[in-house]
Peer 1: 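For reference, the structure I am asking about is given below.
Everything numeric in this text was worked out from a predicted model, so none of it was measured.
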Amino acid sequence: RFMQLKFLQGEESKMASQYFQEMQESFKNNNKSREFAAHTAKVHSVAWSCDGRRLASGSFDKTASVFVLEKDRLVKENNYRGHSDSVDQLCWHPTNPDLFVTASGDKTIRIWDVRTTKCIATVNTKGENINICWSPDGQTIAVGNKDDVVTFIDAKTHRSKAEEQFKFEVNEISWNNDNDMFFLTNGNGCINILSYPELKPIQSINAHPSNCICIKFDPTGKYFATGSADALVSLWDVEELVCVRCFSRLDWPVRTLSFSHDGKMLASASEDHFIDIAEVETGEKLWEVQCDSPTFTVAWHPKRPLLAYACDDKEGKYDNNREAGTVKLFGLPNDS
């Protein structure tokens, strides 16, 4: 049995190194980044629709923008107005590529339909919203505000189903892929896990020595990753709830994470002027994407090794105070 295990581990590492070489080769030929004008102020959040056809961005300028991916470029389709404050986070419906939801400091969330370009629902919430996620079954939207209240909203009736006030600073929130657990990252460096839909505490994991900022589940459901103010990214086994490895190439608080569509790459970013792309199974650095300023948000395309991201860029060489409001795409062919 031991020999069998050794053989399997050997096969796994052989496959990992083969993947590593293939991806490095791919990025050598496809490491171009291109930027696209999206907003008049900084971009807080980017996300792909489930079919990968569209990219949405949310900005400090109170709007959301939607682009269509055509070959190797993003073509702006629409700008979505209605919020009266900054759009801090957005996400798409997990299986319907036409619906996305925005969370704003104006104490509302808005659901939008790209087919009609209209807001199909505005839901009033108690506080200034900063984090939002859509449940994997598409039935519920969870939104967290600055007062550490998480509200669970029925995606069909647009009414609040439950509301939880937490005694700690709540950062990013997420369901697991099976939809039966709800995860919160908190200011004390812990990951709090609740049963869903009962919302009963299951476990609290001391994940980091300082503020735990972001959390993402990989598409295969094997791992989730958390990013912290200690500049570390930790990778967790979903079944065992144990830390499998840490990624420590960043020097600043980790603000944003994204797994590639195959679950084999993890992008993480911070105020460091690069985005780290790691191979999940080994923790090795596959590539780094150079940036001129801190990165707020990263999102891998759901089918291709294309990474959308947005930084705290300033306009031009002469006017350093104007924010650029651009969305960037990495992984384009060098000759494009």
Peer 1: Please check if the distance between the ring centroids of Phe217 and Phe259 is under 6.0 Å.
Peer 2: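 Judged by ring-centre distance (under 6.0 Å), Phe217 and Phe259 do not meet the cut-off.
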
Peer 1: From the options Thr108, Val143, Ile153, select the one residue that forms a side-chain contact (heavy atoms from CB on, under 4.5 Å) with Val123.
Peer 2: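 It is Ile153, the one option of Thr108, Val143, Ile153 that forms the side-chain contact (heavy atoms from CB on, under 4.5 Å) with Val123.
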
Peer 1: Could you check whether any side-chain N or O of Asp106 sits under 3.5 Å from a backbone N or O of Ser84, counting only pairs where one atom can act as donor and the other as acceptor?
Peer 2: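 The answer is yes, because a donor-acceptor pair under 3.5 Å joins these two groups.
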
Peer 1: Between the side chains of Ser33 and Tyr309, is a donor N or O closer than 3.5 angstrom to an acceptor N or O?
Peer 2: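 Tyr309 and Ser33 do have a side-chain donor-acceptor pair below 3.5 Å.
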
Peer 1: Would you compute the distance between atom CD of Glu77 and atom CZ of Arg54 and round it to the nearest 0.5 angstrom?
Peer 2: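 The CD atom of Glu77 sits 4.0 Å away from the CZ atom of Arg54.
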
Peer 1: Rounded to the nearest 0.5 Å, what separates atom CD1 in Ile109 from atom SG in Cys91?
Peer 2: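 Ile109 atom CD1 to Cys91 atom SG measures 8.5 Å (nearest 0.5 Å).
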
Peer 1: Kindly write out the residues that satisfy salt bridge (charged side-chain N to carboxylate O under 4.0 Å, His left out) with Asp98, not counting sequence neighbours, or none if the list is empty.
Peer 2: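 Asp98 satisfies salt bridge (charged side-chain N to carboxylate O under 4.0 Å, His left out) with Arg115 once adjacent residues are dropped.
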
Peer 1: Under the side-chain hydrogen bond (donor to acceptor under 3.5 Å, both in side chains) rule, what pairs show up with a residue in residues 18-29, not counting sequence neighbours?
Peer 2: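 Listed once each, the pairs are Gln18-Glu22, Tyr19-Asp262.
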
Peer 1: CZ of Phe330 to CD1 of Ile275: how many Å apart, nearest 0.5 Å?
Peer 2: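 Reported to 0.5 Å precision, the distance equals 8.5 Å.
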
Peer 1: Go through Tyr196 and Thr140 one step at a time and tell me if the side-chain hydrogen bond (donor to acceptor under 3.5 Å, both in side chains) criterion holds.
Peer 2: CA-CA 11 Å; Tyr196 189 80; Thr140 314; 3.2 Å; yes

Peer 1: Which is it for Ile141 and Ile132 under the side chain to side chain contact (heavy atoms under 4.5 Å, CB included) test, yes or no, and what are the steps along the way?
Peer 2: CA-CA 7 Å; Ile141 295 163; Ile132 196 159; 3.7 Å; yes

Peer 1: Angle class for the His44/Phe60 ring planes (parallel below 30°, perpendicular above 60°, tilted otherwise)?
Peer 2: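 Ring orientation of His44 relative to Phe60: perpendicular.
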
Peer 1: Do Leu250 and Phe274 come close enough that some side-chain heavy atom pair is under 4.5 Å?
Peer 2: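 Yes, their side chains come closer than 4.5 Å.
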
